[in-house]
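Worksheet: the structure to be examined is printed underneath.
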Amino acid sequence: MDKTKADYIERIMEAVIELEVTKGHLKWRMADLARVSQVTRTLLYYYFGKDTKNIFKQAVDYYIGQFLDFRIERAEKIKKGEIIELISIARKRLRKNPYFLQFYAKHRLENTDVSALFQKAEKKYFESLKETLPARWKPLARILWALVFGLAVQPSLSEEELQSAEAIMRRAWPKRG
């Protein structure tokens, strides 16, 4: 099966986060990235150049897009009450790169350039989320997001338990349109 550019980019981004967690902030080299991502250095240089800081920044942007970008399709799913589908998508992404949670927690708790990027993306996310909620629920947008986040990162919840959680959350996000 031929790999697409998107497949290579995803593997590289996953590897950057893994290396950040396992080796430390920018304490990895291009050789490490090639080994972990199983992408040749030539291809790494072709897509990103040789600057690890640049690749790191792109990985952060990539994961912000994966988890903290309130896209139109996500808003539509919320409006339709398809919350568990969004949670399932997030769970699959987290299973694919379990290092992201450690990376996210570290940078959210420490005062780093990355934490500032996460905070900015979260703020934008919450503002967009509020737009999908009925007026009485708007002040609770952060709490509702925390519930969704908690469900996404809790691996031991069964499908039945997720369905029960969805029934509870539908009170906040009643089906519209």
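All values below come from the heavy atoms of this structure, side chains included, with hydrogens, waters and symmetry mates left out. These figures come from a predicted structure and were not determined experimentally.
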* Flag for Glu85-Ser88: side-chain donor and acceptor within less than 3.5 Å ->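 No, because no side-chain N or O of Ser88 sits under 3.5 Å from a partner of the opposite role on Glu85.
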
* **Check: His107/Ser115 side-chain N/O donor and acceptor closer than 3.5 Å** =>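 Result is no, nothing qualifies.
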
Side chains of [X] and [Y]: closer than 4.5 Å at any heavy-atom pair?
X	Y	result
Arg91	Leu162	yes
Glu10	Tyr62	yes
Glu20	Lys27	no
Ile17	Tyr104	no
Phe103	Val114	yes
Tyr63	Arg93	no
Lys130	Glu127	yes
Thr4	Tyr8	no

* **Co-membership, hydrophobic cluster, residues Phe56 and Tyr47, 4.5 Å side-chain** =>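 Yes, Phe56 connects to Tyr47 through the hydrophobic network.
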
* **For Thr52, the option from Leu44, Leu26, Leu33, Val16 that meets side chain to side chain contact (heavy atoms under 4.5 Å, CB included)** =>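 It is Leu26; the other options fail the test.
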
Distance, nearest 0.5 Å, that separates [atom1] of [X] from [atom2] of [Y]:
X	Y	atom1	atom2	answer
Lys50	Ile55	NZ	CD1	11.5 Å
Leu94	Gln66	CG	CD	10.0 Å
Ser37	Leu19	OG	CG	8.5 Å
Lys57	Asp51	NZ	CG	12.5 Å
Thr112	Phe118	OG1	CZ	8.0 Å
Leu68	Leu117	CG	CG	10.5 Å

* To do: Would you please indicate yes or no on a ring centroid separation below 6.0 angstrom for Phe67 and Phe100?
  =>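 Yes; Phe67 has its ring centre under 6.0 Å from that of Phe100.
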
* Can you name the nearest heavy-atom pair linking Phe48 to Asn54, along with the distance? ->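 Heavy atoms only, the tightest pair is O-ND2, 3.1 Å.
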
Check for a donor-acceptor pair, side chain of [X] on one end and backbone N or O of [Y] on the other, with a separation under 3.5 Å.
X	Y	answer
Glu161	Ser158	yes
Asn97	Glu18	no
Asp32	Arg29	yes
Gln154	Ser156	yes

* Test Trp28 against Thr22 for side chain to side chain contact (heavy atoms under 4.5 Å, CB included), laying out the working first. => CA-CA 9 Å; Trp28 46 272; Thr22 59; over 6 Å; no

* To do: Using a cut-off of 6.0 Å, state whether more than 12 heavy atoms not belonging to Tyr45 lie near its atom OH.
  =>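 More than 12 heavy atoms, drawn from other residues, nucleotides or ligands, come within 6.0 Å of this atom.
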
* To do: Given side chain to side chain contact (heavy atoms under 4.5 Å, CB included), test Val21 with Lys106 step by step and report yes or no.
  => CA-CA 9 Å; Val21 170; Lys106 175 186 180 346; over 6 Å; no

* Under the side chain to side chain contact (heavy atoms under 4.5 Å, CB included) criterion, do Thr42 and Tyr46 qualify, and how do the steps go? -> CA-CA 6 Å; Thr42 304; Tyr46 177 76; 5.7 Å; no

* Asked: Under a 4.0 Å N-O cut-off, is there an ion pair linking Asp7 with Arg11?
  ->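 Arg11 and Asp7: not salt-bridged.
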
* Can you check salt bridge (Lys or Arg N to Asp or Glu O under 4.0 Å) on Glu122 and Arg142, steps first, answer last? -> CA-CA 9 Å; Glu122 287 170 3; Arg142 289 177 59 86; 5.2 Å; no

